[in-house]
Number of protein chains: 2
Amino acid sequence: MDLPARQRSLREHNLAVVMRLVARNAPLSRAAIAAQSGLTRATVSAIVDELIAGGLVTEVSPPPPNGAGRPATGVVLSGATPAGLGMEINVDYLAVCVLDLAGNVRHRAHLTADQRGRTPSQTWSGLGALARAAHKAAVAQGLSIAGATVALPGLVSEQTVRIAPNLGWTETPIPAHIDGVPLSGGNEANLAALGELHALPGSEPSSFVYVSGEIGIGAGLVVNGQLFTGTQGWAGELGHVTVDPAGPDCTCGSRGCLEQYAGEDAIRSLSGLPSADLPRAAAEGSPPVLAALAQAGTALGVALSSAVNLLDLPCVVLGSHLAPLAPWLSPAIEHELQQRVLTSRWSTLEVRPSALGADAAIIGAARTVTSAIITSPAPYLASR
Amino acid sequence: MDLPARQRSLREHNLAVVMRLVARNAPLSRAAIAAQSGLTRATVSAIVDELIAGGLVTEVSPPPPNGAGRPATGVVLSGATPAGLGMEINVDYLAVCVLDLAGNVRHRAHLTADQRGRTPSQTWSGLGALARAAHKAAVAQGLSIAGATVALPGLVSEQTVRIAPNLGWTETPIPAHIDGVPLSGGNEANLAALGELHALPGSEPSSFVYVSGEIGIGAGLVVNGQLFTGTQGWAGELGHVTVDPAGPDCTCGSRGCLEQYAGEDAIRSLSGLPSADLPRAAAEGSPPVLAALAQAGTALGVALSSAVNLLDLPCVVLGSHLAPLAPWLSPAIEHELQQRVLTSRWSTLEVRPSALGADAAIIGAARTVTSAIITSPAPYLASR
DNA sequence: CCATATTAGTTCAATGGCTAAACAAATACC
DNA sequence: GGTATTTGTTTAGCCATTGAACTAATATGG
């Protein structure tokens with residue numbers, strides 16, 4: 001339902017306008033902020049003072065003068081106070097990072113540990129230990145953790161993991177707090193897509209399908225800079241798009257699903273080398289591995305073409321275990337996209353590997369915390 | 001880019017809050033609007049006065065008193081001034097309707113005429129004649145047409161029809177005005193989905209994939225009450241989702257596309273009865289037609305399962321030529337959805353025929369005009 | 001070196017939209 | 001007829017933004 005606008009709504013909205021401008025273009029002088037926002041210099045001055053008092057922005061030394069007039073003071077996002085804690089529970093590892101408001105990773109930890117034989121409670125406990133260490137490190141750097149988000153390999157809604165097949169989890173509650181910090185959870189592919197979005201240089205592309213490939217395959221969908229999650233947050237199940245209706249049975253109960261062709265186990269099975277280091281074998285030119293990757297690429301291309309036809313997304317980002325395999329998967333993917341996407345004659349379809357690699361999910365998770373403050377600074381300021 | 005908030009922004013926002021409440025729940029007293037919006041009675045009174053002065057709402061007689069206290073005056077959307085003109089160019093017909101602010105169809109006209117042998121200029125001219133007659137009829141009823149939208153069977157972006165294969169159009173500009181009224185254009189499936197959205201009783205479901213089936217197949221995607229159009233407005237190309245990667249060649253250059261299985265020509269070809277009245281033959285139990293519909297339903301189910309897995313949409317609405325065939329298509333569609341959609345165990349997937357039938361696109365098109373006024377009344381008020 | 005032009009940032013009074021409280025209007029009930 | 005209740009209006013105060021004026025800090029030309 002719509003919220004009524006009040007006098008205070010003006011200041012809240014314009015705090016966010018200024019924060020977003022500074023986040024995109026720092027350093028920016030007050031006069032430049034005024035010019036770009038359309039607010040007056042008087043208003044911007046008052047807003048910047050409020051943000052400085054709240055520890056969200058800071059001033060930097062002016063650049064060398066390049067003309068007549070008073071030198072400008074630069075305003076940048078502060079690296080000094082609020083930070084976001086991003087975490088990931090995956091099949092083979094737990095990971096955490098602390099991201100400050102300016103987007104710098106201030107702490108990072110990774111624990112290789114098989115989660116498959118452990119109860120959810122044991123896993124949350126292990127993650128809690130990493131979180132405590134991260135929290136401590138952040139405080140030692142003068143940061144305060146404003147919130148935490150954990151990336152999970154499954155369907156997540158209403159603070160519950162509905163199913164994470166590769167962890168063996170069903171209807172598992174996500175704790176409300178971790179080490180005293182408010183905690184929320186999200187799907188790994190969605191959070192990794194958010195991380196990728198912010199790692200892109202400057203402008204384009206801000207629409208893409210991020211493919212997260214492990215045993216299962218998921219996708220994070222970003223449309224014009226916004227994550228698309230569907231009705232209940234369950235969009236992006238690329239791994240269960242039908243490649244061939246009469247294809248092999250899938251664990252989901254269907255047949256011919258993409259993950260039966262391009263999931264990690266499927267590629268190993270296709271190559272006949274169950275324990276191969278796939279990127280290494282591909283780089284060495286192993287014929288069965290190259291053949292398996294070409295087949296997987298074709299299947300990915302078919303499924304991604306359907307995704308692009310439905311969603312109008314001009315770019316495919318290959319993440320997780322698919323990222324190091326991108327050189328061998330991309331040709332087949334691109335070929336299928338070119339053949340099967342109706343709009344390929346008007347817009348160039350691009351396939352590229354993840355810029356953030358294995359850190360995409362934890363950075364994207366931390367980003368949900370910092371982005372919330374940038375997008376809506378007023379609640380944070382009010383809570384101090 | 002974000003717009004700065006100004007003093008006037010408060011009134012603009014709250015005009016829209018009130019309009020939206022009245023649109024959803026008319027009639028509503030000023031006191032009820034205040035209670036539901038969170039604004040004070042004093043503010044609501046001033047806002048309603050401004051809307052009444054602008055001809056956007058009107059007062060109705062109070063209902064019978066049912067307790068102590070002054071009787072309330074009801075506020076409803078006005079049927080008396082602004083209206084939207086919705087139009088459709090389809091292969092076999094042109095259609096127009098005039099929709100008032102309260103959602104009533106005040107004029108409707110349909111002209112059966114094959115557009116396939118005509119130039120775009122001839123088609124625009126024919127549509128212009130219908131528009132003039134509709135405009136005249138609206139004025140005679142005391143309405144003024146605030147804007148016009150035309151539904152087209154193809155890809156539309158930047159006031160241009162990029163391609164409409166079944167009309168034979170390529171890079172065809174949409175005129176800026178029609179009979180002196182500002183004109184914009186949109187994809188038929190998208191506009192029909194908007195029409196369906198507003199035809200739903202009360203609340204659920206506000207997320208669905210509307211399947212528009214003619215020779216080609218398109219889809220309008222509605223997620224939590226919002227139309228999803230993708231990066232450039234080209235989302236929803238369901239007809240070119242791959243059903244079988246090795247299937248028959250498609251005119252788009254791909255193979256195994258859904259419209260080769262479930263398009264109107266494809267169903268006729270499958271049944272071996274090229275000129276059959278499909279709904280009638282199905283009702284009479286014609287074996288080749290029933291077999292063809294079962295196959296088409298299976299193919300629709302495979303493609304729609306992929307769409308639902310990707311988009312998290314719990315409902316399928318069958319429109320255009322598929323609507324009267326729904327009783328025979330739905331069983332196979334539902335079967336495939338149940339088998340192939342990962343989330344089918346948590347949410348009930350529904351298949352149903354269009355509520356608006358052949359009028360979905362023209363009503364949805366007119367709705368873009370009236371919805372813009374309800375959602376943002378301030379520009380309309382300022383222009384009077 | 002000084003006066004002028006220019007740009008950045010601050011100060012101040014006016015404006016308008018919302019609010020809370022008080023008031024007026026119109027009913028039901030005892 | 002008096003009191004309670006609900007609806008709708010009036011009024012003065014508050015606050016966030018604005019435009020104009022002012023102050024601060026530089027470059028440039030005579």
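Residue numbers start from 1 in every chain, and the chains themselves are labelled A, B, ... in the order their sequence lines are given, proteins ahead of strands. Just so we're clear, the structure is a prediction, and the values are computed from it rather than from any experiment. Scope of the values below: all heavy atoms of this structure, side chains included, with no hydrogens, waters or symmetry mates.
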### Query
Rounded to the nearest Å, what distance is computed from the NE2 atom of residue A/H13 to the C1' atom of nucleotide C/dC18?
18 Å
### Summary
By nearest-heavy-atom nucleotide on DNA chain C, the more 5' of A/A32 and B/I47 is A/A32
### Query
So, do B/L183 and B/M87 sit near enough that their side-chain heavy atoms are less than 4.5 Å apart?
yes
### Summary
On DNA chain C, more 5' by nearest nucleotide between B/A42 and A/A42 is A/A42
### Message
From CG of A/L39 over to P of D/dG19, roughly how many Å is that when rounded to an integer?
### Response
11 Å
### Query
Could you give the CZ-to-C1' distance, from A/R6 to C/dG16, as a whole number of Å?
17 Å
### Task
Could you tell me whether B/D49 and B/R30 make a salt bridge, using a distance below 4.0 angstrom between a side-chain N and a carboxylate O?
yes
### A/P4 side chain reached by B/N14 side chain, heavy atoms, under 4.5 Å
yes
### Query
Quick one: which of C/dG9, D/dG8, C/dA26 gets closest to the side chain of B/P71?
C/dA26
### Task
Take atom CG of B/L15 and atom C1' of C/dC18, then tell me their distance rounded to the nearest Å.
13 Å
### Note, A/V105 side chain near A/R108 side chain (heavy atom, < 4.5 Å)
yes
### Message
Determine whether a donor-acceptor pair (N or O, by modelled atom type, separation under 3.5 Å) exists between the side chain of A/T160 and the backbone of A/E158.
### Response
yes
### Query
Among all residues two or more places apart in sequence or in another chain, which pass the side chain to side chain donor-acceptor pair (under 3.5 Å) test with A/R11?
A/E50
### Message
Just so I know, are the side chains of B/E59 and B/V48 near enough to count as touching, which here means a heavy-atom distance under 4.5 Å?
### Response
no
### Task
Assign B/A31 to base, sugar-phosphate, or nothing according to its heavy-atom contacts below 4.0 angstrom with the strands shown.
sugar-phosphate
### Length of the CG-C1' vector between B/D49 and C/dC18, whole Å
15 Å
### Message
Looking at the base of C/dG9, is there any donor atom on it, or on the side chain of A/R41, that sits under 3.5 Å from an acceptor on the other one?
### Response
yes
Would you list the protein and nucleotides 13-16 of chain D atom pairs, both N or O, that sit under 3.5 Å from each other?
| unit_1 | atom_1 | unit_2 | atom_2 | d |
| --- | --- | --- | --- | --- |
| D/dC15 | O2 | A/Q7 | NE2 | 3.3 |
| D/dA16 | O4' | A/Q7 | NE2 | 2.9 |

### Query
Which is true for B/S29 with a 4.0 Å heavy-atom rule: it touches a base, it touches only sugar-phosphate, or it touches nothing?
sugar-phosphate
### Message
Between A/T73 and C/dA8, is there a contact of a side-chain N or O with OP1 or OP2 at under 4.0 Å?
### Response
no
### Query
Between A/E59 (CD) and C/dA8 (P), how many Å, whole number?
15 Å
### Message
With heavy-atom distances below 4.5 Å as the criterion, would you say the side chains of A/L227 and A/L221 are in contact?
### Response
no
Polar atoms only, N or O, under 3.5 Å: list the protein pairs with nucleotides 28-30 of chain D and their distances.
none

### Query
How about B/T149 and B/S184: do any of their side-chain heavy atoms sit closer than 4.5 Å?
yes
### Message
Quick check on C/dT6: is either OP1 or OP2 less than 4.0 Å from any side-chain nitrogen or oxygen of A/R70?
### Response
no
